[in-house]
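Notes follow once the structure below has been shown.
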Amino acid sequence: MKNTASGWKVITDWLTARDRQPFAFQEEAWTYYLQGKSGLVNAPTGYGKTFSLFLGVVIDWINRHPKDYHSKTKNGLQLLWITPLRALAKDIARAMEEVLQELNIPWQVGIRSGDTPVSTRAAQKKNMPEVLLITPESLHLLIGQKEYPKVFTSLTTVVADEWHELLGTKRGVMIELGLSRLKGLAKKEGRSPLRIWGISATIGNLGEAMDVLLGTPDPEAVIVRAKLDKKIELQSILPDEIEKYPWAGHLGTRLLYKALPIVNESKTTLIFTNVRSQTEIWYQEILRQCPDLAGALALHHGSIDMELRIWVEEALHTGTLKAVVCTSSLDLGVDFRPVDTVIQVGSPKGVARFLQRAGRSGHQPGATSKIWFLPTHSLELVEAAALKSAIAQQIVESRMPVILAYDVLLQYLMTLAISDGFHAPEIWEEVKDTFCFRDMTEDEWEWTLAFLTTGGDALYSYDEFKKIDREGNFFICRSRMQAMRHRLHIGVIVSDAMLKVKFMGGGFIGMIEEWFIARMTAGDTFSLGGRILEFVMIKDMTVLVRKSNAKKAIVPSWMGGRLPLSPNLGKVLRETFNEALSGNTTEPELQVLQPLFNLQEYLSHVPKADELLIEMIHTRDGYHLFAYPFEGRLVNEVMATLLAYRLSKRTPITFSIAMNDYGFELLSDQPIPLTPDDVYELFSLDHLSIDLQASVNSTEMARRKFRDIAVIAGLIFQGYPGKHKQSRHLQSSASLLFNVFTEYDSQNLLLRQAFNEAFFYQMEEARLRESLDRIYNSKIVITYPEELTPFCFPIKVDSLREQLTSEKLEDRIKKMRPEF
DNA sequence: GACCTGCTGCGGCTTG
């Protein structure tokens, strides 16, 4: 190590004066950084991951300017810090500014994101701050400006913060592409290579995460791991009488009375729920049961007005709130020190997410993170036991990197075309050096260029798809109109059309989806942001409401994502059943569930880790087949479809299908042709692709995936900001393009991408193969219970829900449920 | 293409 003496001394003196000692991993990161290396830092939240790198940059600076590092000169951009959240950028900027001020280093820290004022942007353009915090989208907007290379001429370091969050998303691909350009610029201008660092929480594939970030394999690159034992304590909220706790359901309010004392005894509690409507319901219900909390309780989710959310976040900082009910909107980022308790309502679906949420409490070094698990139905308690075991074994999910996202590439090339234009060979070198596009062929590259210049085989007669001009190997967009439209569409997050909800007298409350409000008439009441509102009218694409004193109100629902149970959690879950039946378990969750397991074993069977249970039940409704792969709803659904198809090849028979994260149901009005001898072939991998093609409507799946792809690739103009465009217009233009490509341009890469995404994300094909293989090689146990079992019950209730009104449903459930 | 469970995230308005 050379030339590090003075910087080290300044920093260590500074830390010592504050009675602070750096963690070993921080020093390690600085050391590697000073050696000019790139890499990845992995540490739990709350341990100063930010400083592990930032102080390295500062030490380096002092070393390079041993005498005059205090002097005020314009140094240009040194450090680019990419964060996925605007709020995070603000937090980090504040922390960095403090450090710089204390060390008397006259650096500027700037933020570049969507809410950066125009005046600030202009000032930045003239004089870039030394440190710039930026979102992936804003980085691309920067690259979309004239003479953008000037911005980066002095850049030495890029940090990708919360890289685990972006890896595996198209926003991550944006970072890969942005980095490829910055690296290319450095090389072209003969500067020393950029130092690129990722900061990541623990995930299963840290090594791969680093490879994706760095693109080109770098044998010198290092992973710095904080060897810190973050203590996590998980405790379940148990029903007093398991016999009376529902076998099915998703709300969990039945156990609220047991959560309230926990809230009251804590300083501040975060209550995580899985869906937005659930936060609304929980908020109302908490206030009903505990009116004292009025004013000290808040709710937070993605469809609540930003101002209100910021207020809630501030109040969390200052510790003025007793509890906040939220969705994963509070998963990330901002550290709320007063939070000492976390309650997870329902299945967290994955180990990593659970750890992330647990980490929102005890957010300082050495502190224990305490999390309570509140099951929404009986069987979910097994997940708590499984989570404990997963945490003990440190089984954390991997994030699969996105591969060959042609839509993002098309958008990126357009971005380059609207700034200074690009030389194709130069950019191709850079692009195929990224992880995402390393398997792209030259033909495919030529296709993307041709698509942008001519519109491809299907669209060549429409001028609006001839976006850029080709001048030899140089590509540039000369149309100001196209350039402006493109700037409006940079980014890869495609949202559904939502309507703003606003009081008659002004004041925004949040967002509601079109279809939900469409069924309301004036005078109807609904709840949002914890308030009961009366619908008045829709004006200028805004829902106008007034306050209501009504006691009953409809809770809105949003069409959100449907995260399936993760493979890891599924696996540990299956293993946990072994322990459950052993009879000598020490886990309270499993002890409490003993009567339920006994009943399940009495009526049918409790499957062990190396078994698949199939229950064949005959009821008034018909002939049921229930199976429990515990592979998450997506895989369960495809498996059900596959089984239905393979069974129908034996005898003509039709089924209706239902599924949840644990298993699936096939229901028919005639006996299902299945015996212990011929059951295995149903799960065989032989002819899998052919059978899938015959049974699953992959074209329809691909069509749905195609909408986002077409928007990202810039084929669909979504309208000007603030101007509402109905989502069905979006849907229909995407559908139209899908048809046109299918018919006239079947080699279209975007079309291929749509099918790949359908197979990969919708059918989880890789996971399906693995689980079929597992089942084929395990023991399949078939039972013939006389009545519905605790295992099949939740699936049955879910499938009934689709057909009946809620009162009828309740009656039906009562009738279905056997006595203990 | 949507509802009785169904997440999160960002960005933009070229002009008299």
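Since we're looking at a predicted model, the values are computed, not measured. All values below come from the heavy atoms of this structure, side chains included, with hydrogens, waters and symmetry mates left out. Letters go in sequence order (proteins before strands), and every chain restarts at 1.
- Taking the six-membered ring for Trp and the full ring otherwise, A:Tyr245 and A:His377 have centroids separated by 6.0 Å or more.
- The interatomic distance linking A:Asp496 (CG) with B:dT8 (C1') rounds to 14 Å, in whole Å.
- The CZ atom of A:Arg485 sits 13 Å away from the C1' atom of B:dC13 (whole-angstrom rounding).
- For the C1' atoms, the distance from B:dG1 to B:dG6 is 15 Å, rounded to whole Å.
- When the ring-ring contact (aromatic ring centres under 6.0 Å, His included) test is applied to A:Phe526, no partner is found at least two apart in sequence or on another chain.
- Rounded to whole angstrom, the span from the CG atom of A:Leu563 across to the P atom of B:dG6 amounts to 14 Å.
- Protein atom CZ of A:Arg562 is 15 Å distant from nucleotide atom P of B:dT8, rounded to whole Å.
- Qualifying ring-ring contact (aromatic ring centres under 6.0 Å, His included) partners for A:His164, counting only residues two or more places apart in sequence or in other chains: none.
- Taking side-chain N and O atoms only, A:Ser557 has a distance below 4.0 Å to OP1 or OP2 of B:dG6.
- Ion pair A:Glu137/A:Arg86 not flagged as a salt bridge, since none of the NZ, NE, NH1 or NH2 atoms sits closer than 4.0 Å to an Asp/Glu carboxylate oxygen.
- Within residues 272-280 of chain A, the residues approached by DNA chain B to less than 4.0 Å at the level of any non-hydrogen atom are A:Asn274, A:Val275, A:Arg276, A:Ser277, in residue-number order.
- Rounded to whole Å, atom P of B:dC3 lies 16 Å from atom CH2 of A:Trp558.
- Within the structure, the side-chain hydrogen bond (donor to acceptor under 3.5 Å, both in side chains) test picks out the following pairs touching residues 301-310 of chain A (sequence neighbours left out): A:Arg276-A:Ser303, A:Glu280-A:His301, A:Ser303-A:Trp558.
- Every residue meeting the ring-ring contact (aromatic ring centres under 6.0 Å, His included) condition with A:His489, not counting sequence neighbours, appears here in chain and number order: A:Phe717.
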Could you go over nucleotides 9-11 of chain B and give all protein N or O partners under 3.5 Å, atom names and distances?
unit_1 : atom_1 : unit_2   : atom_2 : d
B:dG9  : OP1    : A:Arg309 : NH2    : 2.7
B:dG9  : OP2    : A:Arg309 : NH2    : 3.4
B:dC10 : OP1    : A:Arg86  : N      : 3.0
B:dC10 : O3'    : A:Thr135 : OG1    : 3.4
B:dC10 : N4     : A:Ser495 : OG     : 3.1
B:dG11 : OP1    : A:Gly114 : N      : 2.8
B:dG11 : OP1    : A:Thr135 : OG1    : 2.6
B:dG11 : OP1    : A:Ser138 : OG     : 2.7
B:dG11 : OP2    : A:Arg86  : NH1    : 3.0
B:dG11 : OP2    : A:Gly114 : N      : 2.8
B:dG11 : O5'    : A:Gly114 : N      : 3.4

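- Nearest to the side-chain atoms of A:Arg633 among the listed nucleotides B:dT8, B:dG6, B:dC3 stands B:dG6.
- Under the side chain to side chain contact (heavy atoms under 4.5 Å, CB included) criterion, A:Ala259 pairs with A:Ile237, A:Leu256, A:Ile343, A:Leu374, sequence neighbours left out.
- Partners of A:Phe630 by ring-ring contact (aromatic ring centres under 6.0 Å, His included), not counting sequence neighbours, listed by chain and number: A:Phe577, A:Tyr662.
- Checked against side chain to side chain contact (heavy atoms under 4.5 Å, CB included), A:Val151 has the following partners two or more places apart in sequence or in another chain: A:Leu77, A:Met128, A:Leu142.
- If you measure from atom CE of A:Met659 to atom C1' of B:dG6, you get 13 Å, rounded to the nearest angstrom.
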